[in-house]
Amino acid sequence: MNKRESILQALSEIQQEDLNPKGGNVWAYVYDSGLREAERVAKEAHNMFMNHNGLDFTVFPSLLELENNIVAEIAELFSNDAMSVAGTFTSGGTESIILAVKAARDYASEHKPTITAPEIILPTTAHAAFHKAAHYLGINTVIVPVDNTTFKVDSYEVEKSITPNTIMLIGSSVNYSHGVSDPISELSLLAEKYEVWLHVDACIGGFLLAYYKKLGLPVIDFDFNLPGVSSLSVDLHKYAFTPKGASVILYRDKQLRKYQYYTCTNWSGYPVINTTIQSTKSGGPLAACWATLKYIGDDGYKKLAETIWQAKQEITKHFMRLDDLYILGDPEGSLLAIGSDTLDIFQLADEMKKSGWYVQVQPGDLIHNPLST
Ligand SMILES: *Cc1c(COP(=O)(O)O)cnc(C)c1O
């Protein structure tokens with residue numbers, strides 16, 4: 001065995017304990033379009049750009065072109081006035097969210113300088129990435145309960161929680177834990193009334209909902225066509241089925257995006273101008289994402305969305321027939337949260353894992369007893 005073969009063999013031995021990310025048995029973390037040729041094209045694209053450094057677009061202008069192409073294409077899905085929407089390609093949902101919270105914080109410090117202890121209002125169902133962002137950025141979180149049958153945030157509760165320190169409201173479309181959308185149009189009205197930033201977390205739901213809409217399926221309003229929405233995050237490494245390390249953060253306009261940037265000339269080295277949290281970053285994920293979007297294309301995504309919609313209807317129908325398990329709320333995208341009053345769902349998940357299926361378990365008690373920080 002030559003060196004190459006023995007290294008690759010060692011890697012495949014290290015992988016032995018992993019569940020197979022392909023094939024559809026792992027119901028979290030991985031998103032498989034099943035299109036093997038799209039995957040091969042993405043791998044080649046990744047290889048072509050893996051040593052290009054996204055730190056400096058003047059040295060690698062190709063990366064700027066790829067990023068602009070992707071952002072423009074994604075903006076089209078979320079605004080009737082996509083030309084004025086601005087955005088950035090990031091490594092994932094968490095990075096997109098941290099950047100949006102940073103932008104809202106820096107926007108508030110310029111426009112509302114009297115706020116010294118900024119707060120963001122989060123439904124209990126908002127992704128942990130917002131708590132992480134608040135922790136990193138020195139911002140307080142105010143947690144608002146969701147309705148315990150629809151699992152959507154109650155906009156009246158949100159309004160009651162707004163204080164002179166509020167800088168940002170959050171809604172998910174759809175949320176990760178229950179797969180339902182918050183009432184974004186109501187949050188948009190609040191954002192306008194109180195002049196606060198509204199971020200829509202469309203990380204997992206946005207791409208698919210945009211394609212459901214193209215198919216003429218019923219979809220709630222959640223994007224920049226609502227006047228109060230300031231920013232929206234959408235992960236492409238989820239339902240756009242690109243390799244990992246691909247998300248887009250969008251802003252209503254360029255003026256809002258500029259608060260996301262970081263610059264530093266206060267050291268002895270080169271002037272740092274960072275659009276994202278990462279500085280040196282591989283061009284691989286960007287090129288792989290670009291290639292996947294091109295390969296699957298608008299028609300391909302319509303077909304995938306149709307297939308996912310049908311599968312969701314079918315799975316829902318089967319769950320309705322079971323006595324011990326039920327679906328929580330009325331999920332709008334593709335995520336289903338299953339509950340039981342008679343079975344221990346942790347044990348059920350363990351049993352499924354033994355037969356090669358991975359489902360993610362969520363404790364769920366926060367819905368009834370929201371923590372406050
Ligand atoms: C996945 C997800 C995130 C975080 O994204 P990562 O890509 O895991 O960093 C944020 N919000 C929602 C709704 C998500 O589904």
Side-chain angles (χ1 to χ4, degrees), residues 21 26-32 70 74 77-78 87-104 120-137 141 143-144 146 151-153 168-184 187 198-210 212 219-220 222-223 229 231-250 260 276-278 281 285-286 288-289 292 308 312 328-329 331-337 358-362 366-367:
V26 180
W27 288 6
Y29 304 121
V30 293
Y31 305 83
D32 181 11
I70 293 171
I74 300 305
L77 298 175
F78 301 106
T88 304
F89 182 85
T90 76
S91 64
T94 300
E95 187 177 14
S96 290
I97 286 167
I98 295 173
L99 290 170
V101 176
K102 182 213 179 280
I120 58 175
I121 298 182
L122 301 176
T124 41
T125 49
H127 196 277
F130 293 98
H131 295 265
K132 185 174 180 177
H135 181 74
Y136 280 6
L137 295 164
T141 54
I143 317 290
V144 172
V146 297
F151 304 99
K152 293 167 180 277
V153 78
M168 189 182 206
L169 310 180
I170 311 293
S172 304
S173 202
V174 302
N175 67 38
Y176 187 85
S177 56
H178 295 76
V180 302
S181 283
D182 290 316
I184 308 296
L187 297 178
L198 170 61
H199 179 82
V200 177
D201 182 4
C203 278
I204 202 157
F207 194 84
L208 198 55
L209 292 183
Y212 281 176
V219 172
I220 72 145
F222 68 98
D223 59 21
V229 175
S231 56
L232 180 147
S233 49
V234 53
D235 292 351
L236 303 180
H237 61 201
K238 287 175 179 160
Y239 288 99
F241 302 104
T242 74
K244 297 219 187 299
S247 174
V248 167
I249 174 68
L250 296 173
Q260 168 195 306
T276 60
I277 298 175
Q278 291 182 301
K281 56 186 171 188
L286 179 69
C289 175
T292 306
I308 294 168
K312 188 189 110 183
L328 294 155
E332 290 146 59
S334 57
L335 302 179
L336 303 174
Y358 179 80
V359 290
Q360 198 172 41
V361 287
Q362 308 183 117
L366 271 186
I367 296 300

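Whatever order the structure lists them in is the order used to number ligands and atoms, beginning at 1.
- Residues forming a side-chain hydrogen bond (donor to acceptor under 3.5 Å, both in side chains) with Y212 (at least two apart in sequence, or on another chain): none.
- Taking E95 as the reference, nothing meets the salt bridge (Lys or Arg N to Asp or Glu O under 4.0 Å) condition, with sequence neighbours excluded.
- Ring planes of Y31 and Y239: perpendicular class, angle over 60° (limits at 30 and 60°).
- Shown here are the side-chain contact (heavy atoms from CB on, under 4.5 Å) partners of S96, two or more places apart in sequence or in another chain: T90, S233, S247, I249.
- In this structure a side-chain-to-backbone donor-acceptor pair under 3.5 Å is missing from N175 to T125.
- For the 3.5 Å distance criterion, the side chains of S177 and Q362 fail to qualify, holding no donor opposite an acceptor.
- Residue-level contacts of ligand 1 at the 4.0 Å heavy-atom threshold are G92, G93, T94, I97, H127, V174, Y176, D201, C203, I204, D235, H237, K238.
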